[in-house]
Amino acid sequence: MSRAIRMLAAATVVGGLALSGLMTAGAASASIHGSGTHGVGSWSFGPHTGSPAVGRITAATTSNRDFAGYLTGVTAGSATSSAASFTVPKLSCTTANRFIAPQVGVTANQSKTFSAAGVSIGCTKGKAVYFPFLVANGAEADYTVHFSAGDVINLSASVTTSGFTVQVTDVTKNVSVTNTITGAGASANAAWIGNNAWVTSAGLLDGVPNFAKLTFSNCLIDGTALQSGNPQKYQRVNRSGVVQITTGGFWPGGTAFTTHYQHI
């Protein structure tokens, strides 16, 4: 169980959820691709526990160890979707292992569970790697499909009281991975779009690869511009407080923003 999975304070805490469980539904082939040894690793999701609760939105940017992007509360129990697009950045890798996980997600049942769709982007053994992952109701599957720098990616995650649907689509390669669970669903309470951290099999946060900038576009919560939900803005910092990823303001229309690399 990773330390960094204890995220999203108060209305957004997911305490003790390990993300190493594999879920092969909807995938011809699924395997864990944690950084470093490529053993069981996991991504950290959402702002760290030092962040304010959803509902106490502040104008100031909140710093945390794990997340750079925007988080917004939603009407409890509503059918909630989070969606965005981005272009996979080109990385110049050293031998150090460094990863980020751009994604969209929804927390539910008072943040006792969550669903998300994203792409692991990073460097391992001197090579850039890009692969999709899905989390449906707290269970994660990392896929052996490989994306490339320059690929356009669409992300979506939906939580209703009757089920969960998460999807990553590489528009450039015309490849999609999807997982849907129907039946008993969950009661959504928050949604987010942004870059999350990746956690090694030893439970440590990987550093940030130099991705220059990564722009999230078509950012919608329940089909409405992300900005309209008055979301909280987060930037990622290291343990010394040095800023690793900054988050820009919204572009006109409120459906796009850019995150910028600052430090490993």
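Remember, predicted model here, so these are calculated numbers, not experimental data. No hydrogens, no waters, no symmetry mates; every other heavy atom, side chains included, goes into these values.
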Under the 3.5 angstrom rule, does the side chain of Tyr143 hit a backbone N or O of His146 as a donor-acceptor pair? no

Report yes if the side chains of Arg65 and Arg236 come closer than 4.5 Å at any heavy-atom pair, otherwise no. no

Answer whether the closest heavy-atom distance between the side chains of Lys213 and His260 falls below 4.5 Å. yes

Would you call Pro102 and Leu214 a side-chain contact if the rule is heavy atoms closer than 4.5 Å? yes

Between Tyr70 and Phe257, is the ring centre distance below 6.0 Å? yes

Going by the rule side-chain contact (heavy atoms from CB on, under 4.5 Å), which residues pair with Ala128 if we only count those two or more places apart in sequence or in a different chain? Leu91, Cys93, Tyr130

Is the shortest side-chain heavy-atom distance between Thr255 and Leu226 below 4.5 Å? no

Working note: Thr169 + Asn154, criterion side chain to side chain donor-acceptor pair (under 3.5 Å); need CA distance, chi angles, decisive distance, verdict. CA-CA 5 Å; Thr169 299; Asn154 290 341; 5.7 Å; no

Parallel, tilted or perpendicular for Phe131 and Trp198, by the 30°/60° rule? perpendicular

Please walk me through it: do Gln235 and Thr61 pass side chain to side chain donor-acceptor pair (under 3.5 Å)? CA-CA 7 Å; Gln235 66 179 4; Thr61 302; 5.7 Å; no

Check the pair Asn196, Gln103 against side chain to side chain donor-acceptor pair (under 3.5 Å), reporting the backbone distance first and the verdict last. CA-CA 7 Å; Asn196 282 295; Gln103 64 187 252; 3.1 Å; yes

A side-chain contact here means heavy atoms from C-beta on lying under 4.5 Å apart; do Ile153 and Val171 qualify? no

Cluster link Leu155 to Val88, ILVMFWY, side chain under 4.5 Å: yes

Indicate if Val166 and Phe147 have the same hydrophobic cluster label, given that clusters are the connected sets of ILVMFWY residues with side-chain heavy-atom separations under 4.5 angstrom. yes

Provide the full list of disulfide (SG to SG under 2.5 Å) pairs with a residue in residues 199-264, sequence neighbours left out, each pair given once. none

Taking a hydrophobic cluster as the set of Ile, Leu, Val, Met, Phe, Trp and Tyr residues connected by side-chain heavy atoms closer than 4.5 Å, whether directly or through intermediates, do Trp251 and Tyr234 fall within one such cluster? no

For Asp170 and Ser176, what are the C-alpha separation, side-chain angles and deciding distance, and is it a side chain to side chain donor-acceptor pair (under 3.5 Å)? CA-CA 6 Å; Asp170 186 322; Ser176 183; over 6 Å; no

Main chain of Ala108, side chain of Ser111: is a donor-acceptor contact present, judged purely on distance under 3.5 Å? no

Taking only residues two or more places apart in sequence or in another chain, which ones pass side-chain contact (heavy atoms from CB on, under 4.5 Å) with Thr87? Val152

If you define the side chain from C-beta out and look only at heavy atoms, does anything of Asn195 sit under 4.5 Å from Phe216? yes

Main chain of Ser81, side chain of Asp222: is a donor-acceptor contact present, judged purely on distance under 3.5 Å? yes

Given side chains that start at C-beta, do those of Val135 and Ser115 come closer than 4.5 Å, heavy atoms only? no

Do the side chains of Phe211 and Ile245 get nearer than 4.5 Å, heavy atoms only? yes

Salt bridge check: are Asp151 and Lys173 linked by an N-O gap of less than 4.0 Å? yes

Checking Val119, Ile193, Thr215, Thr259 against Phe86 for side-chain contact (heavy atoms from CB on, under 4.5 Å), the one that qualifies is Val119

Val243 reachable from Tyr261 in the ILVMFWY side-chain graph, under 4.5 Å edges: no

